[in-house]
Number of protein chains: 2
Amino acid sequence: MKGLKPVKTRRTSEGILEQIKTLIIEGQLAPGDKLLTERELSERLQVSRASVREALSALNLAGILEIKHGEGIFIKRPEPNAVIEPLVFILLLEKDKVQNILEVRKALEVEAAGLAAERCPPELLRELEQIIEEMEATLPQGEGEKAAQLDLRFHLTLAQASCNPLISSLMNTIQEIIGQTLRITRALWLSATAGTTQRLFEEHREIYLAVAARDKFRAREIMYQHLWKVEVELARLLKHA
Amino acid sequence: MKGLKPVKTRRTSEGILEQIKTLIIEGQLAPGDKLLTERELSERLQVSRASVREALSALNLAGILEIKHGEGIFIKRPEPNAVIEPLVFILLLEKDKVQNILEVRKALEVEAAGLAAERCPPELLRELEQIIEEMEATLPQGEGEKAAQLDLRFHLTLAQASCNPLISSLMNTIQEIIGQTLRITRALWLSATAGTTQRLFEEHREIYLAVAARDKFRAREIMYQHLWKVEVELARLLKHA
DNA sequence: GCTTAAAGAGTGGTCATACCACCAGATTAC
DNA sequence: GTAATCTGGTGGTATGACCACTCTTTAAGC
């Protein structure tokens, strides 16, 4: 029967943390709020303090709670970091699955490009223009730290210009994961992209111009082609690494 | 200084779980392996069993360990589901922002359609074909439970056909969240989609045909148009709800 | 009367011990 | 030879004690 899941909550600590999560999801606890103390939870739930601590420890690792020694336990504002750590852990163990995360990134970036073309506020459009100008100014220097920084700035600003905070958060998360886990030495990457700086710049500029022209289909198409080429190149590098 | 993070490991249980994770990342512990017992860990690490249990509880929630009462503690094979739970939590907290979730779904579905056109295995292509046939057979019945089930099956099978387990898992999750959180009564939805069943069917069929023809750009384009219309319609409904 | 230091209360953190419940393997009985 | 029982080892939970941190209150000194 689809939709039914095996009953898996069986440890006392699991029951405790499910209740706490439910309170948060239902809005009865909001970020910044203080949770009951360990002793109060223990009393209310009729369980030992050790079981309560196990549940709180798990929620702490999951980034849901912030525990302050001598002060109390506070609800954390959910942030991408809560998703990053498990993802990084998986990617560290299954490095060949980087391709999967790159495809998710491509999906989100193409959508962001289209939405940015629809919604980009003027100040972010100016910021994109400025990034493109800086990219052009650094062309004679070839690849380097500066070019990489500008590339990242461009993509993250575009995600922000989508005016969808979920996409923006996911993009921030994914870019950080990719940055942390790709096992490509800088020299290898730089040698691989040698001669393509001009092309990358032109593609970035075309994305910007499509966004500026409010042409969402063109923005999507160019971003798709741009990232498809990047994926192909990275797949080639990974195969020979 | 970029790359440096505040030293945050300070609780005994945090130190324990970091060591266990390091053993796994370095390959000294592999999925399926049995971890030392709680009492052994307590002895080796010179900490109490309660601290060990706190660490293990956290790793259990994170999907890294599998704890079997009376048997032992085993290393789990990492799976995308470990990522899903924190992501689901974030999505559930921002469920009021359904529009944002729908845009993330559109991004993933369009990418899945393109990848499915490239990679769809024959058995899934046959399954898609069968779903399309069942859709055609139920057309005279109009909207209903059957049509909704077929719609969901179509989209989830397409996600599976992308051969990207991350996309597939995310899609499963997002569909479930959308199903849980959309504040649209069934009657309202059915009345809103009255007269569009034929169009929805035709769009699904065109997506299938594009996938069958291995035309990834067309698959992407039709999926994009399909979901864009759904989003527009839902936005209209939400505004009047 | 104001400032500073100490005390107190409440909080989270860790530990030791005891006992329960589950599981797999070994042993015994038929 | 097979099934039932026993045993030892495992995870699960509880209780109580004490430590360390933080904030508030109170008292002492100027």
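Numbers restart at 1 for each chain; the letters A, B, ... are given by sequence-line order, proteins then strands.
The local environment of CD in B/E118 is crowded, with over 12 non-hydrogen atoms from other residues, nucleotides or ligands closer than 6.0 Å.
Sorted by residue number, the members of residues 40-60 of chain B with any non-hydrogen atom under 4.0 Å from DNA chain D read B/R49, B/R53. For the segment residues 65-73 of chain B, residues with any heavy atom less than 4.0 angstrom from an atom of DNA chain D are, sorted by number, B/I67, B/K68, B/H69, B/G70, B/E71, B/G72, B/I73.
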Quick one, B/S13 with A/R53, criterion side chain to side chain contact (heavy atoms under 4.5 Å, CB included). Give me CA distance, side-chain angles, the key distance, then yes/no. CA-CA 11 Å; B/S13 57; A/R53 285 185 61 80; over 6 Å; no
Test side chain to side chain contact (heavy atoms under 4.5 Å, CB included) on B/V110 and A/E111 and set out the steps. CA-CA 9 Å; B/V110 167; A/E111 180 72 7; 5.6 Å; no
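Between B/L56 and the choices B/I20, B/I16, B/L17, B/I64, the side-chain contact (heavy atoms from CB on, under 4.5 Å) rule is met once, by B/I20.
Rounded to whole Å, the distance from CZ on A/R11 to P on D/dA14 is 12 Å. Rounded to a whole Å, the CG atom of B/L35 is 19 Å from the P atom of D/dG9. Residue A/E38 contributes atom CD, which lies 17 Å from atom P of D/dG16 at whole-angstrom precision.
Residues B/M135 and B/I132 have side chains in contact (heavy-atom distance under 4.5 Å, counting atoms from C-beta outward).
Of the two residues contacting DNA chain C, namely B/S13 and A/K34, the nearest-nucleotide position lying further toward the 5' end is that of A/K34.
Looking at every heavy atom in both residues, B/C120 comes nearest to B/A161 through SG-CB, 3.6 Å.
Each salt bridge (Lys or Arg N to Asp or Glu O under 4.0 Å) pair with one or both residues in residues 150-159 of chain A, not counting sequence neighbours, appears once here: A/E134-A/R153.
A salt bridge links A/R119 with B/E103: the closest approach of a Lys/Arg side-chain nitrogen to an acidic carboxylate oxygen falls below 4.0 angstrom.
A donor N or O paired with an acceptor N or O is not found under 3.5 Å between the base of C/dG10 and the side-chain atoms of A/R39.
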